[in-house]
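The structure under discussion appears below in the form of C-alpha coordinates.
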Amino acid sequence: MNHLSQQFAWPKDFLWGSATAAAQIEGAAHSYGKEDSVWDAFARKQGAIAGGDNLDVAVDHYHRYREDVQLMRELGLDSYRFSTSWARIVPGGRTVNPEGLDFYSRLVDELLENGILPWLTLYHWDLPQALEEHGGWANRDTAYKFLDYAEAVHAKLGDRVKHWTTFNEPLCSSLIGYAAGEHAPGRQEPEAALAAVHHQHLAHGLAASRLRELGAEQIGITLNLTNAVPNDPSDPVDLEAARRIDALWNRMYLDPILRGAYPEDLLEDVKGLGLAEAIEPGDLEIIAQPIDFLGVNHYHDDNVSGHPLPPGQPPAIMPTDAPKSSPFVGSEYVSFPARDLPRTAMGWEVNPEGLRVLLNRLKRDYSNMPALYITENGASYTDTVTEAGTIEDTEREEYILNHLDAVARAIGDGVDVRGYFLWSLLDNFEWAWGYAKRFGIIHVDYQTQVRTIKNSGRTYAGLIAANRTMA
(Lines give C-alpha, C1' and ligand atoms only; values in the text may rest on other atoms or scores of the structure.)
Protein backbone atom coordinates (compact mmCIF):
# COMPACT_ATOMS: atom_id res chain seq x y z
CA MET A 1 0.00 0.00 0.00
CA ASN A 2 1.25 3.48 -0.84
CA HIS A 3 1.29 5.85 2.12
CA LEU A 4 1.10 9.61 2.05
CA SER A 5 3.53 9.75 4.97
CA GLN A 6 6.25 8.12 2.83
CA GLN A 7 5.94 10.73 0.08
CA PHE A 8 4.87 13.78 2.09
CA ALA A 9 7.14 16.82 2.26
CA TRP A 10 7.39 16.89 6.05
CA PRO A 11 8.37 20.26 7.56
CA LYS A 12 12.14 20.76 7.48
CA ASP A 13 12.53 20.73 11.26
CA PHE A 14 9.92 18.03 11.98
CA LEU A 15 11.15 15.99 14.93
CA TRP A 16 11.20 12.20 14.62
CA GLY A 17 11.42 10.33 17.89
CA SER A 18 10.37 7.48 20.10
CA ALA A 19 9.30 7.34 23.73
CA THR A 20 9.53 5.29 26.93
CA ALA A 21 8.82 5.71 30.65
CA ALA A 22 11.20 5.09 33.54
CA ALA A 23 9.05 2.63 35.49
CA GLN A 24 8.39 0.53 32.38
CA ILE A 25 11.98 0.01 31.27
CA GLU A 26 14.61 0.79 33.88
CA GLY A 27 14.53 -2.07 36.36
CA ALA A 28 17.00 -1.58 39.25
CA ALA A 29 13.80 -0.99 41.17
CA HIS A 30 15.40 -1.15 44.62
CA SER A 31 19.02 -0.39 43.77
CA TYR A 32 21.26 2.68 43.74
CA GLY A 33 19.15 4.44 46.34
CA LYS A 34 15.77 3.99 44.64
CA GLU A 35 12.82 3.06 46.85
CA ASP A 36 9.26 1.97 46.07
CA SER A 37 7.10 3.93 43.67
CA VAL A 38 3.35 3.40 43.81
CA TRP A 39 3.78 0.93 40.97
CA ASP A 40 6.33 -1.18 42.85
CA ALA A 41 3.91 -1.36 45.76
CA PHE A 42 0.88 -1.97 43.52
CA ALA A 43 2.66 -4.88 41.80
CA ARG A 44 2.89 -6.69 45.13
CA LYS A 45 -0.88 -6.53 45.54
CA GLN A 46 -2.46 -9.91 44.82
CA GLY A 47 -4.05 -9.95 41.37
CA ALA A 48 -3.17 -6.34 40.49
CA ILE A 49 -0.83 -7.13 37.58
CA ALA A 50 -1.35 -9.74 34.86
CA GLY A 51 0.86 -12.78 35.43
CA GLY A 52 1.96 -11.47 38.82
CA ASP A 53 4.64 -9.46 37.01
CA ASN A 54 6.67 -6.68 38.63
CA LEU A 55 9.04 -3.87 37.69
CA ASP A 56 12.15 -5.21 39.43
CA VAL A 57 14.12 -5.88 36.22
CA ALA A 58 11.78 -4.64 33.47
CA VAL A 59 14.07 -4.47 30.41
CA ASP A 60 17.14 -3.50 32.46
CA HIS A 61 17.55 -0.13 30.73
CA TYR A 62 19.34 1.20 33.82
CA HIS A 63 22.31 -1.03 32.99
CA ARG A 64 21.81 -1.17 29.20
CA TYR A 65 21.10 2.47 28.37
CA ARG A 66 24.23 2.80 26.21
CA GLU A 67 23.15 -0.16 24.10
CA ASP A 68 19.66 1.31 23.85
CA VAL A 69 21.01 4.70 22.73
CA GLN A 70 22.99 2.96 20.00
CA LEU A 71 19.76 1.36 18.80
CA MET A 72 18.15 4.82 18.73
CA ARG A 73 21.07 6.02 16.64
CA GLU A 74 20.69 3.05 14.29
CA LEU A 75 17.01 3.97 13.83
CA GLY A 76 18.02 7.55 13.04
CA LEU A 77 15.95 9.15 15.80
CA ASP A 78 16.16 12.92 16.19
CA SER A 79 14.87 12.82 19.75
CA TYR A 80 14.19 10.46 22.64
CA ARG A 81 11.33 11.13 25.04
CA PHE A 82 12.05 9.59 28.44
CA SER A 83 10.92 10.17 32.00
CA THR A 84 12.82 10.62 35.20
CA SER A 85 11.73 8.56 38.19
CA TRP A 86 10.63 10.63 41.17
CA ALA A 87 11.07 7.52 43.35
CA ARG A 88 14.68 7.21 42.18
CA ILE A 89 15.58 10.89 42.51
CA VAL A 90 13.74 11.64 45.78
CA PRO A 91 13.26 8.16 47.30
CA GLY A 92 10.51 8.09 49.89
CA GLY A 93 9.78 11.72 49.03
CA ARG A 94 12.51 12.76 51.49
CA THR A 95 15.87 14.05 50.24
CA VAL A 96 17.54 14.05 46.84
CA ASN A 97 19.47 10.89 45.91
CA PRO A 98 22.57 12.03 43.94
CA GLU A 99 23.08 8.54 42.52
CA GLY A 100 19.61 8.69 40.98
CA LEU A 101 20.29 12.03 39.33
CA ASP A 102 23.68 10.81 38.10
CA PHE A 103 22.00 8.05 36.08
CA TYR A 104 19.93 10.57 34.13
CA SER A 105 22.96 12.80 33.69
CA ARG A 106 24.83 9.91 32.08
CA LEU A 107 21.84 9.12 29.88
CA VAL A 108 21.54 12.75 28.71
CA ASP A 109 25.26 12.88 27.91
CA GLU A 110 25.01 9.63 25.95
CA LEU A 111 22.07 10.97 23.94
CA LEU A 112 23.80 14.25 23.14
CA GLU A 113 27.02 12.48 22.15
CA ASN A 114 24.96 10.53 19.62
CA GLY A 115 23.15 13.57 18.23
CA ILE A 116 19.81 12.75 19.89
CA LEU A 117 17.75 15.49 21.54
CA PRO A 118 16.67 14.61 25.11
CA TRP A 119 12.94 15.26 25.70
CA LEU A 120 12.35 14.91 29.43
CA THR A 121 9.11 14.09 31.26
CA LEU A 122 9.10 14.71 35.00
CA TYR A 123 6.09 12.57 35.90
CA HIS A 124 5.14 9.33 34.19
CA TRP A 125 3.22 7.88 37.15
CA ASP A 126 5.98 6.81 39.57
CA LEU A 127 4.99 8.71 42.71
CA PRO A 128 7.13 7.69 45.72
CA GLN A 129 5.02 5.23 47.70
CA ALA A 130 5.77 7.07 50.93
CA LEU A 131 3.94 10.13 49.57
CA GLU A 132 0.96 7.96 48.64
CA GLU A 133 0.84 6.82 52.24
CA HIS A 134 0.27 10.48 53.14
CA GLY A 135 -2.64 10.72 50.68
CA GLY A 136 -0.79 10.82 47.38
CA TRP A 137 -2.25 13.14 44.77
CA ALA A 138 -5.41 13.51 46.83
CA ASN A 139 -3.23 15.50 49.26
CA ARG A 140 -2.61 19.09 48.13
CA ASP A 141 0.87 19.04 49.69
CA THR A 142 2.02 16.58 47.01
CA ALA A 143 1.89 19.40 44.44
CA TYR A 144 4.52 21.30 46.41
CA LYS A 145 6.62 18.15 46.84
CA PHE A 146 6.52 17.85 43.04
CA LEU A 147 7.84 21.40 42.73
CA ASP A 148 10.83 20.50 44.92
CA TYR A 149 11.47 17.42 42.77
CA ALA A 150 11.29 19.44 39.53
CA GLU A 151 13.80 21.94 40.90
CA ALA A 152 16.20 19.11 41.80
CA VAL A 153 16.03 17.62 38.32
CA HIS A 154 16.56 20.99 36.65
CA ALA A 155 19.52 21.77 38.89
CA LYS A 156 21.26 18.65 37.58
CA LEU A 157 20.12 18.53 33.95
CA GLY A 158 18.98 22.04 33.07
CA ASP A 159 22.33 22.92 31.46
CA ARG A 160 21.74 20.24 28.79
CA VAL A 161 17.99 19.51 28.63
CA LYS A 162 15.94 22.12 26.77
CA HIS A 163 12.52 20.38 26.56
CA TRP A 164 10.62 19.83 29.81
CA THR A 165 7.28 18.04 30.09
CA THR A 166 5.68 18.28 33.51
CA PHE A 167 3.14 15.43 33.36
CA ASN A 168 2.34 12.52 31.11
CA GLU A 169 -1.36 11.61 30.83
CA PRO A 170 -2.65 12.97 34.14
CA LEU A 171 -6.02 11.34 33.36
CA CYS A 172 -4.46 7.92 33.93
CA SER A 173 -2.67 8.69 37.19
CA SER A 174 -5.76 10.43 38.59
CA LEU A 175 -9.00 8.90 37.28
CA ILE A 176 -7.67 5.42 36.45
CA GLY A 177 -5.45 5.27 39.55
CA TYR A 178 -7.78 6.81 42.13
CA ALA A 179 -11.30 6.09 40.79
CA ALA A 180 -11.07 2.96 38.63
CA GLY A 181 -8.46 1.16 40.70
CA GLU A 182 -6.87 -0.38 37.60
CA HIS A 183 -3.64 1.61 37.88
CA ALA A 184 -1.52 2.38 40.91
CA PRO A 185 -2.29 3.21 43.65
CA GLY A 186 -5.40 1.10 42.99
CA ARG A 187 -7.94 3.24 44.83
CA GLN A 188 -11.65 3.41 43.95
CA GLU A 189 -12.53 6.76 45.48
CA PRO A 190 -14.20 9.26 43.11
CA GLU A 191 -13.61 12.26 45.39
CA ALA A 192 -9.92 11.40 45.73
CA ALA A 193 -9.65 11.07 41.95
CA LEU A 194 -10.99 14.57 41.34
CA ALA A 195 -8.75 15.98 44.06
CA ALA A 196 -5.85 14.25 42.30
CA VAL A 197 -6.82 15.89 39.00
CA HIS A 198 -6.73 19.34 40.55
CA HIS A 199 -3.55 18.80 42.55
CA GLN A 200 -1.73 17.48 39.49
CA HIS A 201 -2.86 20.58 37.57
CA LEU A 202 -1.54 22.71 40.43
CA ALA A 203 1.77 20.81 40.41
CA HIS A 204 2.04 21.38 36.66
CA GLY A 205 1.50 25.12 37.07
CA LEU A 206 3.92 25.46 39.98
CA ALA A 207 6.64 23.51 38.15
CA ALA A 208 6.10 25.25 34.81
CA SER A 209 6.41 28.66 36.46
CA ARG A 210 9.55 27.70 38.37
CA LEU A 211 11.20 26.02 35.38
CA ARG A 212 10.60 29.21 33.39
CA GLU A 213 12.27 31.26 36.15
CA LEU A 214 15.21 28.86 36.10
CA GLY A 215 15.68 29.34 32.35
CA ALA A 216 14.11 26.22 30.82
CA GLU A 217 13.68 26.91 27.10
CA GLN A 218 10.66 24.74 26.21
CA ILE A 219 7.99 23.76 28.74
CA GLY A 220 4.85 21.73 28.10
CA ILE A 221 2.55 18.95 29.24
CA THR A 222 1.39 15.73 27.58
CA LEU A 223 -2.30 14.80 27.59
CA ASN A 224 -3.99 11.66 26.29
CA LEU A 225 -6.88 13.00 24.25
CA THR A 226 -9.77 11.34 22.45
CA ASN A 227 -12.69 12.00 20.16
CA ALA A 228 -15.89 11.19 22.06
CA VAL A 229 -18.07 10.00 19.17
CA PRO A 230 -21.82 9.61 19.91
CA ASN A 231 -22.89 6.09 18.95
CA ASP A 232 -26.10 7.47 17.43
CA PRO A 233 -25.69 11.18 16.58
CA SER A 234 -29.49 11.53 16.40
CA ASP A 235 -30.01 10.16 19.93
CA PRO A 236 -29.95 12.85 22.68
CA VAL A 237 -28.93 10.21 25.23
CA ASP A 238 -25.81 9.32 23.22
CA LEU A 239 -25.04 12.98 22.54
CA GLU A 240 -25.18 13.70 26.27
CA ALA A 241 -22.91 10.73 27.03
CA ALA A 242 -20.38 11.95 24.44
CA ARG A 243 -20.46 15.46 25.93
CA ARG A 244 -19.75 14.05 29.38
CA ILE A 245 -16.80 11.95 28.19
CA ASP A 246 -15.38 14.90 26.24
CA ALA A 247 -15.63 16.98 29.43
CA LEU A 248 -13.93 14.36 31.63
CA TRP A 249 -11.34 13.12 29.14
CA ASN A 250 -10.40 16.26 27.22
CA ARG A 251 -11.71 19.56 28.53
CA MET A 252 -11.06 18.85 32.24
CA TYR A 253 -7.36 19.01 31.31
CA LEU A 254 -7.22 21.39 28.34
CA ASP A 255 -9.41 24.15 29.75
CA PRO A 256 -7.66 24.85 33.08
CA ILE A 257 -4.27 24.86 31.34
CA LEU A 258 -5.23 26.92 28.28
CA ARG A 259 -8.25 28.91 29.52
CA GLY A 260 -7.67 29.16 33.26
CA ALA A 261 -11.02 27.61 34.17
CA TYR A 262 -12.73 24.25 34.47
CA PRO A 263 -15.66 23.79 32.06
CA GLU A 264 -18.97 24.80 33.63
CA ASP A 265 -20.72 21.65 32.37
CA LEU A 266 -18.01 19.46 33.93
CA LEU A 267 -18.38 21.20 37.30
CA GLU A 268 -22.11 20.49 37.11
CA ASP A 269 -21.52 16.83 36.14
CA VAL A 270 -19.29 16.24 39.20
CA LYS A 271 -21.11 18.53 41.61
CA GLY A 272 -20.93 17.29 45.18
CA LEU A 273 -17.78 15.22 44.57
CA GLY A 274 -15.33 17.82 45.84
CA LEU A 275 -13.70 19.28 42.73
CA ALA A 276 -15.02 22.81 43.22
CA GLU A 277 -14.06 22.64 46.89
CA ALA A 278 -10.45 21.65 46.05
CA ILE A 279 -9.89 24.86 44.07
CA GLU A 280 -8.30 27.52 46.25
CA PRO A 281 -7.97 31.23 45.36
CA GLY A 282 -5.12 31.75 42.89
CA ASP A 283 -4.93 28.09 41.82
CA LEU A 284 -6.30 28.61 38.32
CA GLU A 285 -3.91 31.47 37.65
CA ILE A 286 -1.02 29.21 38.64
CA ILE A 287 -2.33 26.35 36.48
CA ALA A 288 -2.79 28.53 33.38
CA GLN A 289 0.93 29.17 32.95
CA PRO A 290 1.89 29.79 29.31
CA ILE A 291 3.29 26.62 27.75
CA ASP A 292 5.49 26.27 24.67
CA PHE A 293 4.09 22.97 23.44
CA LEU A 294 1.30 20.48 24.05
CA GLY A 295 2.12 16.80 23.79
CA VAL A 296 -0.75 14.77 22.33
CA ASN A 297 -0.96 11.05 23.12
CA HIS A 298 -3.51 9.25 20.98
CA TYR A 299 -4.06 5.55 20.29
CA HIS A 300 -7.77 5.37 19.53
CA ASP A 301 -10.94 7.40 19.71
CA ASP A 302 -14.06 6.38 21.61
CA ASN A 303 -17.56 5.46 20.49
CA VAL A 304 -19.83 6.56 23.34
CA SER A 305 -23.40 5.73 24.38
CA GLY A 306 -25.65 6.59 27.26
CA HIS A 307 -27.40 3.21 26.95
CA PRO A 308 -26.23 -0.13 28.34
CA LEU A 309 -24.21 -2.28 25.96
CA PRO A 310 -26.43 -4.36 23.69
CA PRO A 311 -26.87 -8.05 24.61
CA GLY A 312 -24.13 -10.29 23.31
CA GLN A 313 -21.50 -7.59 22.93
CA PRO A 314 -18.31 -8.75 24.62
CA PRO A 315 -17.01 -6.41 27.34
CA ALA A 316 -13.65 -4.70 26.97
CA ILE A 317 -10.71 -6.98 27.66
CA MET A 318 -9.14 -6.35 31.08
CA PRO A 319 -5.66 -7.19 32.35
CA THR A 320 -6.86 -8.98 35.50
CA ASP A 321 -10.03 -10.09 37.27
CA ALA A 322 -9.42 -7.69 40.16
CA PRO A 323 -12.49 -5.57 40.96
CA LYS A 324 -12.54 -2.24 39.14
CA SER A 325 -14.81 0.79 38.91
CA SER A 326 -15.50 3.27 36.12
CA PRO A 327 -12.86 6.01 35.87
CA PHE A 328 -15.51 8.43 34.60
CA VAL A 329 -16.49 10.11 37.84
CA GLY A 330 -20.08 11.35 37.85
CA SER A 331 -20.79 9.65 34.52
CA GLU A 332 -20.24 6.02 35.43
CA TYR A 333 -23.27 4.90 33.41
CA VAL A 334 -21.64 5.71 30.05
CA SER A 335 -20.85 2.74 27.78
CA PHE A 336 -18.56 2.21 24.81
CA PRO A 337 -20.23 0.09 22.10
CA ALA A 338 -17.93 -1.58 19.60
CA ARG A 339 -17.80 -0.37 16.02
CA ASP A 340 -16.94 -2.47 12.99
CA LEU A 341 -13.25 -1.54 13.09
CA PRO A 342 -10.02 -3.52 13.36
CA ARG A 343 -8.60 -3.87 16.87
CA THR A 344 -5.16 -4.09 18.41
CA ALA A 345 -4.10 -6.71 20.96
CA MET A 346 -5.27 -4.27 23.64
CA GLY A 347 -8.77 -4.44 22.18
CA TRP A 348 -8.46 -0.82 21.03
CA GLU A 349 -10.20 0.23 17.84
CA VAL A 350 -7.99 1.33 14.96
CA ASN A 351 -9.26 4.51 13.31
CA PRO A 352 -6.33 6.63 12.07
CA GLU A 353 -8.56 9.38 10.70
CA GLY A 354 -9.56 10.07 14.31
CA LEU A 355 -6.09 11.52 14.92
CA ARG A 356 -6.56 14.05 12.11
CA VAL A 357 -10.00 14.97 13.48
CA LEU A 358 -8.54 15.46 16.98
CA LEU A 359 -5.66 17.64 15.81
CA ASN A 360 -8.01 19.86 13.82
CA ARG A 361 -10.34 20.16 16.80
CA LEU A 362 -7.47 21.37 19.01
CA LYS A 363 -6.55 24.04 16.47
CA ARG A 364 -10.18 25.11 16.01
CA ASP A 365 -11.28 25.22 19.65
CA TYR A 366 -8.26 26.81 21.35
CA SER A 367 -7.00 30.08 19.90
CA ASN A 368 -3.92 30.02 22.15
CA MET A 369 -2.98 26.41 21.35
CA PRO A 370 0.82 26.15 21.31
CA ALA A 371 2.83 23.95 18.96
CA LEU A 372 1.66 20.33 18.97
CA TYR A 373 3.80 17.21 19.17
CA ILE A 374 2.45 13.67 18.94
CA THR A 375 4.22 12.40 22.03
CA GLU A 376 2.76 8.86 21.94
CA ASN A 377 1.14 6.82 19.20
CA GLY A 378 1.60 3.13 18.57
CA ALA A 379 0.06 -0.30 18.89
CA SER A 380 0.34 -3.63 20.66
CA TYR A 381 0.12 -6.75 18.53
CA THR A 382 1.17 -10.35 19.07
CA ASP A 383 4.70 -10.62 17.71
CA THR A 384 6.24 -13.79 16.34
CA VAL A 385 9.98 -14.25 16.08
CA THR A 386 10.81 -16.13 12.85
CA GLU A 387 13.42 -18.86 12.59
CA ALA A 388 15.69 -16.23 11.07
CA GLY A 389 15.26 -14.13 14.21
CA THR A 390 13.21 -11.37 12.57
CA ILE A 391 9.89 -9.91 13.74
CA GLU A 392 7.61 -9.27 10.77
CA ASP A 393 5.01 -7.12 12.50
CA THR A 394 3.01 -5.98 9.48
CA GLU A 395 -0.02 -4.86 11.51
CA ARG A 396 2.06 -2.49 13.63
CA GLU A 397 3.85 -1.21 10.55
CA GLU A 398 0.51 -0.37 8.90
CA TYR A 399 -0.83 1.18 12.10
CA ILE A 400 2.16 3.54 12.31
CA LEU A 401 2.10 4.54 8.65
CA ASN A 402 -1.66 5.05 8.61
CA HIS A 403 -1.47 7.31 11.65
CA LEU A 404 1.44 9.22 10.15
CA ASP A 405 -0.72 9.67 7.05
CA ALA A 406 -3.31 11.28 9.35
CA VAL A 407 -0.67 13.58 10.85
CA ALA A 408 0.47 14.58 7.36
CA ARG A 409 -3.11 15.42 6.39
CA ALA A 410 -3.55 17.47 9.58
CA ILE A 411 -0.42 19.45 8.72
CA GLY A 412 -1.90 19.93 5.26
CA ASP A 413 -5.02 21.27 6.99
CA GLY A 414 -2.88 23.93 8.67
CA VAL A 415 -2.37 22.32 12.09
CA ASP A 416 1.00 23.17 13.66
CA VAL A 417 2.34 19.68 14.39
CA ARG A 418 6.11 19.71 14.84
CA GLY A 419 7.04 16.18 15.78
CA TYR A 420 6.07 12.54 16.28
CA PHE A 421 7.27 10.22 19.05
CA LEU A 422 6.42 6.58 18.41
CA TRP A 423 5.34 4.48 21.38
CA SER A 424 7.32 2.57 22.21
CA LEU A 425 11.01 2.23 21.59
CA LEU A 426 11.17 -1.06 23.50
CA ASP A 427 8.80 -3.81 24.53
CA ASN A 428 8.36 -3.24 28.24
CA PHE A 429 6.24 -3.45 31.39
CA GLU A 430 2.77 -2.47 30.16
CA TRP A 431 1.36 -1.35 33.52
CA ALA A 432 -1.49 -3.59 34.71
CA TRP A 433 -0.85 -5.88 31.74
CA GLY A 434 2.67 -6.65 32.96
CA TYR A 435 4.74 -8.15 30.14
CA ALA A 436 1.73 -9.60 28.31
CA LYS A 437 1.45 -6.80 25.73
CA ARG A 438 4.16 -5.55 23.41
CA PHE A 439 4.22 -2.03 21.93
CA GLY A 440 7.90 -1.80 21.01
CA ILE A 441 9.49 -1.27 17.62
CA ILE A 442 12.38 -3.11 19.26
CA HIS A 443 11.62 -6.63 20.49
CA VAL A 444 12.99 -7.60 23.90
CA ASP A 445 13.47 -11.21 24.93
CA TYR A 446 12.54 -10.89 28.59
CA GLN A 447 14.67 -13.89 29.58
CA THR A 448 17.91 -12.82 27.89
CA GLN A 449 17.26 -9.07 27.42
CA VAL A 450 18.39 -9.41 23.80
CA ARG A 451 17.07 -6.55 21.67
CA THR A 452 15.98 -7.00 18.03
CA ILE A 453 14.66 -4.23 15.81
CA LYS A 454 11.29 -5.27 14.40
CA ASN A 455 10.27 -4.72 10.78
CA SER A 456 8.11 -1.80 11.94
CA GLY A 457 11.22 -0.20 13.41
CA ARG A 458 13.08 -0.68 10.12
CA THR A 459 10.20 0.90 8.23
CA TYR A 460 10.11 3.84 10.64
CA ALA A 461 13.86 4.28 10.26
CA GLY A 462 13.47 4.22 6.48
CA LEU A 463 10.85 6.93 6.59
CA ILE A 464 13.08 9.11 8.78
CA ALA A 465 16.06 8.60 6.48
CA ALA A 466 14.03 9.35 3.36
CA ASN A 467 12.64 12.52 4.94
CA ARG A 468 16.17 13.64 5.82
CA THR A 469 17.26 13.07 2.22
CA MET A 470 14.32 15.08 0.88
CA ALA A 471 15.05 17.93 3.29
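Just so you know, these numbers come straight off a predicted model, no measurement behind them.
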With a 4.0 Å cut-off on N to O distance, would you call R244 and E240 a salt bridge? yes

Hey, can you tell me if Y373 and F293 have their rings parallel, tilted or perpendicular (30° and 60° cut-offs)? perpendicular

Using the six-membered ring wherever Trp is involved, compare the ring planes of W249 and H300 and label them parallel, tilted or perpendicular (cut-offs 30° and 60°). perpendicular

With a 4.5 Å heavy-atom cut-off, do Y420 and D78 have their side chains touching? no

Salt bridge flag under 4.0 Å for residues R212 and D292: yes

Taking the basic N atoms (NZ, or NE/NH1/NH2) and the acidic carboxylate oxygens, is any pair closer than 4.0 Å for D265 and R251? yes

Plane angle bin for W125 and W431 - parallel if under 30°, tilted between 30 and 60°, otherwise perpendicular: tilted

Main-chain N/O of H134 paired to N139 side chain as donor or acceptor, under 3.5 Å: yes

Classify the angle between the aromatic ring planes of Y399 and Y381 as parallel (below 30°), tilted (30 to 60°) or perpendicular (above 60°). perpendicular

May I ask you to say whether R160 pairs ionically with D109, meaning some side-chain N is under 4.0 Å from a carboxylate O? yes

Give a yes or no answer on whether the side chain of T165 reaches the backbone of T222 with a donor-acceptor pair at less than 3.5 Å. no

Any side-chain heavy atom of L225 within less than 4.5 Å of one from Y253? no

Between Y62 and I25, is any pair of side-chain heavy atoms under 4.5 Å apart? no

Report yes if the side chains of L425 and I442 come closer than 4.5 Å at any heavy-atom pair, otherwise no. yes

What I want to find out is whether D269 reaches K271 closely enough, with some N-O distance under 4.0 Å, to be called a salt bridge. no

Does any donor atom in the side chain of Y123 or T84 lie under 3.5 Å from an acceptor atom in the other side chain? no

When you check the side-chain N and O atoms of T166 and H204, is any donor under 3.5 Å from an acceptor? yes

Side chains of S325 and Q188: donor-acceptor distance under 3.5 Å anywhere? yes

Do the side-chain N and O atoms of N428 and S424 include a donor-acceptor pair separated by under 3.5 angstrom? yes

In terms of side-chain heavy atoms, does S37 have a donor or acceptor partner in D40 at a distance below 3.5 Å? yes

Does the side chain of W16 reach to within under 4.5 Å of the side chain of F421, using non-hydrogen atoms? no

Should the pair E349-R343 be classified as a salt bridge under the 4.0 Å nitrogen-to-oxygen rule? yes

Do T226 and D302 have side-chain atoms, one donor and one acceptor, less than 3.5 Å apart? yes

Can you find a heavy atom in the side chain of N168 that is under 4.5 Å from one in the side chain of R81? yes

Start with the C-alpha gap between K437 and D427, add the side-chain angles, then the distance that decides, and say whether salt bridge (charged side-chain N to carboxylate O under 4.0 Å, His left out) holds. CA-CA 8 Å; K437 303 293 180 187; D427 290 336; over 6 Å; no

Verify the distance criterion only: is there a donor paired with an acceptor across the side chains of E376 and Y299 at less than 3.5 Å? yes

Scanning both residues in full, the closest heavy-atom pair of V197 with S174 reads CG2-OG, 3.4 Å

Check whether H199 reaches the backbone of W137 with its side chain - one donor and one acceptor, N or O, closer than 3.5 Å. yes

Residues V304, N231; criterion side-chain contact (heavy atoms from CB on, under 4.5 Å); working and verdict: CA-CA 5 Å; V304 180; N231 185 53; over 6 Å; no

Taking the side chain as every heavy atom from C-beta outward, state whether E151 and L211 have any pair of such atoms under 4.5 Å apart. no

Does R451 reach the side chain of D68, with side-chain heavy atoms less than 4.5 Å apart? yes

Does the side-chain contact (heavy atoms from CB on, under 4.5 Å) test come out yes or no for R339 and D301, once each step is laid out? CA-CA 11 Å; R339 294 176 289 185; D301 49 18; 2.7 Å; yes

Under 4.0 Å between a Lys/Arg side-chain N and an Asp/Glu carboxylate O for D102 and K156? yes

Over-ring placement of R259 relative to Y366, 6.0 Å and 45° cut-offs: yes

Within the 3.5 Å criterion, strictly below it, is a donor on H61 or Q24 matched to an acceptor on the partner's side chain? no

Salt bridge check: are R88 and E26 linked by an N-O gap of less than 4.0 Å? yes

Sidechain N-carboxylate O distance under 4.0 Å for D283, R140: yes

Output yes when D393 and R458 qualify as a salt bridge under the 4.0 Å nitrogen-oxygen rule, no when they do not. no

For N297 and E169: C-alpha separation, side-chain torsions, deciding distance, then whether side-chain hydrogen bond (donor to acceptor under 3.5 Å, both in side chains) applies. CA-CA 8 Å; N297 289 2; E169 297 188 352; 2.9 Å; yes

Please determine whether a side-chain nitrogen of the Lys or Arg among R361 and D246 lies less than 4.0 Å from a carboxylate oxygen of the Asp or Glu. yes

Decide yes or no on side-chain contact (heavy atoms from CB on, under 4.5 Å) for H183 and Y178, but give the supporting numbers first. CA-CA 8 Å; H183 281 185; Y178 285 82; over 6 Å; no

Evaluate the criterion side-chain contact (heavy atoms from CB on, under 4.5 Å) for residue pair L463 and L401; output intermediate values, then yes/no. CA-CA 9 Å; L463 192 155; L401 292 174; 3.7 Å; yes

Check the side chains of H298 and N377 for a donor-acceptor pair under 3.5 angstrom, ignoring hydrogens and angles. no

